Amino acid sequence: MLQIAFIRENKEATLAGLRKRYVADAEAIVDKVIQLDQQRRDTQKELDDVLARSNAKAKEIGALLKSGDKAAAEAAKAETAELKAISKGLDEDLTFIGQQLQNVLVTLPNLPHSSVPEGRSAEDNEVVLEHGEKPTLTADALPHWELIKKYDRDGGPFIDFELGVKITGAGFPVYKGKGARIQRALINFFLDQALAAGYLEIQPPIVINEESGFGTGQLPDKEGQMYYVKEDKLYLIPTAEVPITNLYRDVILTENDLPVKNVGYTPCFRREAGSWGAHVRGLNRLHQFDKVEIVQIRKPEESYQALEEMSQYIQSLLQKLELPYRVLRLCGGDMGFTSALTYDMEVWSAAQQRWLEVSSVSNFETYQANRLKLRYKVDGKTQLLHTLNGSALALPRILAAILENNQTPEGIRIPGVLVPYCGFDVIN
RNA sequence: AGAGGGAUGGCGGAGUGGUCGAUCGCGGCAGUCUUGAAAACUGUUGACUGUAACAGGUCCGGGGGUUCGAAUCCCUCUCCCUCUGCCA
């Protein structure tokens, strides 16, 4: 959530940011925010004054009763009725105005960083760099969903979509044999790498309450994208970002606690309506998938340096896995609601001949921290922190690229770094 | 799931209708002493809002109520603990 004080004092910058994101009626919304904020402050002032008078009166009555002057006390009591009526009315007004303000404020996305390119859609994202050689496959090369069927060894394909449909539904594959083992290998590899890079491993719950959904910005308007357990009012997490970042909700850190670097492996659940044929085939888009997520909490002045470090770290993983990749700087129109700057990492899927997004790393600046009330103390003052996170990495598309890019007539070669984790070096 | 007991500042723990935002202890911070540290002593130490700075306002798990006045009384929700039951 944007800070009201910032909007009030930087109206033009706010408008420019919102335009970059193609927010409709930005000017009208910002004017509404400023107007409601003024109204709220005026009403608050008025209420505070009435309350101050009431408080003084109550003390006066207490003193009179103590001194035994009952008649004067009764007279003073009679004067309070009016104050009470006024304060009640003002209090109701304030609640109403506050709600309206909150309702408008939550509809505003984060303001883009100055380096965010102009643009309306994914077409306009800026390619920051490309790394690695795209493998040239033979004419009979197969996409991963065919490869999975080709190496049918343990009583069915090593990733079984049909079986998943049977027990749950589409988008919930069953990993078997080498399929399950390579998943486990990837998770352990990613966690070990993060530990070596100084992250603290966290195993959070994978269902979260409404407050947590609000804290990181999934709620109120993206509830349709999450699975919901109605009886308990709990949501299945779409990413470990939600529970891990919310560990720091309503927290005031000290400088010694910083920087916070957490890593967590969790399954992730996404309802994601809509599908487009081949683009969502196989492992390309699932309702349940595994992901290792890195989260950092930083002082404002360090957060962009941290973002670059996280980007480098994620790239190092892709390099170790020998995957060709590119890094995109997302444009204003394509960036997530809560982010100020996002890099997407995409790996080259050689048989599908397309780039697959496997990571997204973002700096949210104070947008989440303001919702979370996540602060730290500097020179006796409390200040909002910056939150960042990134996938490091999401498994299914990594696996898809590994399978496709490394296919040979003899079988699918497992990248060297994974072999000790897998216990095998080829799927054949 | 049933019965009972709780929820107070970073932690422990007082406070049961009137200067209580809250005694006290620990911890933290600053100082004295010390070559330095420890110990001891002294002072200081919640958050939000508001103001140029004061002042003022709000917060004792959440919400509502009684009262001139609520941390204290009433209702309700949530969570925690103990015992009984069930259970990976």
Side-chain angles (χ1 to χ4, degrees), chain A residues 1-9 33-102 105 203-215 219-220 228-235 243 246-258 260 267 297 366-385:
Chain A
M1 199 157 59
L2 298 176
Q3 294 170 263
I4 300 182
F6 180 89
I7 299 177
R8 195 195 301 144
E9 289 154 23
V33 167
I34 291 171
Q35 180 230 320
L36 283 169
D37 176 52
Q38 188 58 49
Q39 216 177 324
R40 197 200 84 239
R41 283 143 49 92
D42 292 346
T43 309
Q44 182 76 63
K45 180 90 187 70
E46 231 178 304
L47 175 62
D48 287 353
D49 289 345
V50 177
L51 288 176
R53 280 197 280 157
S54 290
N55 290 342
K57 212 43 133 177
K59 274 182 189 169
E60 192 185 317
I61 292 166
L64 287 170
L65 287 174
K66 215 167 200 175
S67 68
D69 195 342
K70 275 206 152 179
E74 286 306 317
K77 275 193 199 182
E79 294 171 41
T80 62
E82 191 197 1
L83 289 176
K84 218 178 169 181
I86 296 171
S87 70
K88 192 162 194 272
L90 286 171
D91 192 51
E92 283 165 5
D93 292 349
L94 192 62
T95 305
F96 180 67
I97 295 164
Q99 271 167 3
Q100 279 186 296
L101 182 56
Q102 175 82 355
L105 218 45
Q203 270 193 31
I206 61 171
V207 289
I208 49 112
N209 58 28
E210 215 169 306
E211 289 77 21
S212 297
F214 178 81
L219 297 175
Y228 183 53
V229 183
K230 200 174 158 202
E231 286 72 14
D232 303 294
K233 296 187 175 148
L234 297 173
Y235 296 85
N246 271 280
L247 298 177
Y248 304 92
R249 174 151 48 85
D250 288 317
V251 166
I252 300 176
L253 297 169
T254 67
E255 287 201 75
N256 293 338
D257 299 322
L258 295 166
V260 170
I297 298 170
T366 59
Y367 193 89
Q368 290 182 330
N370 191 31
R371 293 176 158 226
L372 294 160
K373 296 194 172 57
L374 165 56
R375 294 157 296 175
Y376 79 122
K377 257 201 155 107
V378 240
D379 306 325
K381 295 197 82 178
T382 48
Q383 199 178 94
L384 290 173
L385 282 159

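No experiment lies behind these values; they were computed from the predicted model shown. Numbers restart at 1 for each chain; the letters A, B, ... are given by sequence-line order, proteins then strands.
Per the geometry, OH belonging to A/Tyr376 stands 18 Å off C1' belonging to B/A47, to the nearest Å. In this structure, CG of A/Asp37 is placed 13 Å from C1' of B/G50, rounded to the nearest angstrom. We find that CG of A/Leu372 is positioned 15 Å from P of B/C48, with the value rounded to whole Å. For the pair A/Glu255 CD and B/C29 C1', the computed distance is 14 Å after rounding to whole Å. The interatomic distance linking A/Asp250 (CG) with B/C48 (P) rounds to 11 Å, in whole Å. Summarising the geometry, the separation between CZ on A/Arg8 and C1' on B/G50 is reported as 11 Å, rounded to the nearest angstrom. Nucleotide B/U49 holds its C1' atom 11 Å from the CZ atom of A/Arg41, rounded to whole Å. Here the P atom of nucleotide B/A47 and the NZ atom of A/Lys381 are 12 Å apart, to the nearest Å.
Between A/Pro267 and A/Ile206, the closest side-chain pair of non-hydrogen atoms falls below 4.5 Å. Counting only heavy atoms from C-beta outward, the side chains of A/Phe6 and A/Thr366 never approach each other to under 4.5 Å. Residues A/Leu253 and A/Arg375 are not in side-chain contact: their nearest non-hydrogen atoms beyond the backbone lie 4.5 Å or more apart. Contact of the A/Thr382 side chain with the A/Tyr376 side chain is not registered, since no non-hydrogen atoms from C-beta on lie closer than 4.5 Å. By the 4.5 Å heavy-atom criterion applied to side chains, A/Asp93 and A/Asp91 are not counted as neighbours. For the pair A/Asn370 and A/Leu2, the minimum side-chain heavy-atom distance is 4.5 Å or more. Looking only at side-chain heavy atoms (C-beta outward), A/Asn209 and A/Asp232 stay at 4.5 Å or farther from each other.
Nucleotides B/G21 and B/C59 are separated by 11 Å at their P atoms, to the nearest Å. Using atom P as the reference point in both B/G61 and B/A7, the two lie 8 Å apart (nearest Å). The C1' atoms of B/U78 and B/G64 are separated by 15 Å, rounded to the nearest whole Å. As rounded to the nearest Å, B/U58 and B/G50 have C1' atoms that lie 11 Å from one another. When the C1' atom is compared between B/U16 and B/C74, the two are found 14 Å apart, to the nearest whole Å. To the nearest whole angstrom, the two C1' atoms, one in B/U72 and one in B/G65, are 15 Å apart. Going from the P atom of B/U8 to that of B/G63 covers 16 Å, rounded to whole Å. Taking atom C1' on both B/A38 and B/A47, the two are 34 Å apart, rounded to the nearest angstrom.
Of the charged side-chain nitrogens involved, at least one lies within less than 4.0 Å of a carboxylate oxygen, so that A/Arg40 and A/Asp37 count as a salt-bridged pair.
Paired runs in RNA chain B that reach 3 or more consecutive Watson-Crick or G-U pairs, where each pair keeps both distances under 3.5 Å, cover B:1-7 with B:78-84, B:10-12 with B:24-26, B:27-32 with B:40-45, B:46-49 with B:56-59, B:61-65 with B:73-77.
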> With the sugar-phosphate defined as primed atoms, P, OP1 and OP2, and the base as all remaining atoms, what B/S/- string results for nucleotides 57-80 of chain B, 5' to 3', for protein heavy atoms under 4.0 Å?
Replying inline: SS--------BBS-----------
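When heavy atoms are screened at a 4.0 angstrom cut-off, A/Thr382 is found touching the sugar-phosphate backbone but no base atom.
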>> Would A/Met1 and A/Leu105 count as a side chain to side chain contact (heavy atoms under 4.5 Å, CB included) here? Give the steps.
In response: CA-CA 7 Å; A/Met1 199 157 59; A/Leu105 218 45; 4.0 Å; yes
Would you tabulate the side-chain donor-acceptor contacts of residues 51-63 of chain A under 3.5 Å, counting partners in other chains and residues two or more places apart, or write 'none'?
residue, atom, partner, partner atom, Å
A/Ser54, OG, A/Val50, O, 3.3
A/Asn55, ND2, A/Leu51, O, 3.4
A/Lys57, NZ, A/Glu79, OE1, 2.7

Kindly list each side-chain donor-acceptor pair under 3.5 angstrom involving residues 81-89 of chain A, sequence neighbours excluded, with atom names and distances?
residue, atom, partner, partner atom, Å
A/Ser87, OG, A/Leu83, O, 3.4
A/Ser87, OG, A/Lys84, O, 3.0

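Note that OG1 of A/Thr43 and CG of A/Leu47 are 8.5 Å apart. Values are rounded to the nearest 0.5 Å.
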Pairs under 3.5 angstrom, nitrogen or oxygen only, protein versus nucleotides 86-88 of chain B, please.
none

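Residue pairs that meet the salt bridge (charged side-chain N to carboxylate O under 4.0 Å, His left out) test with at least one member in residues 203-212 of chain A, sequence neighbours left out, do not exist here.
Applying the 4.0 Å criterion to OP1 and OP2 of B/U49, one finds that A/Arg40 has every side-chain N and O outside that range.
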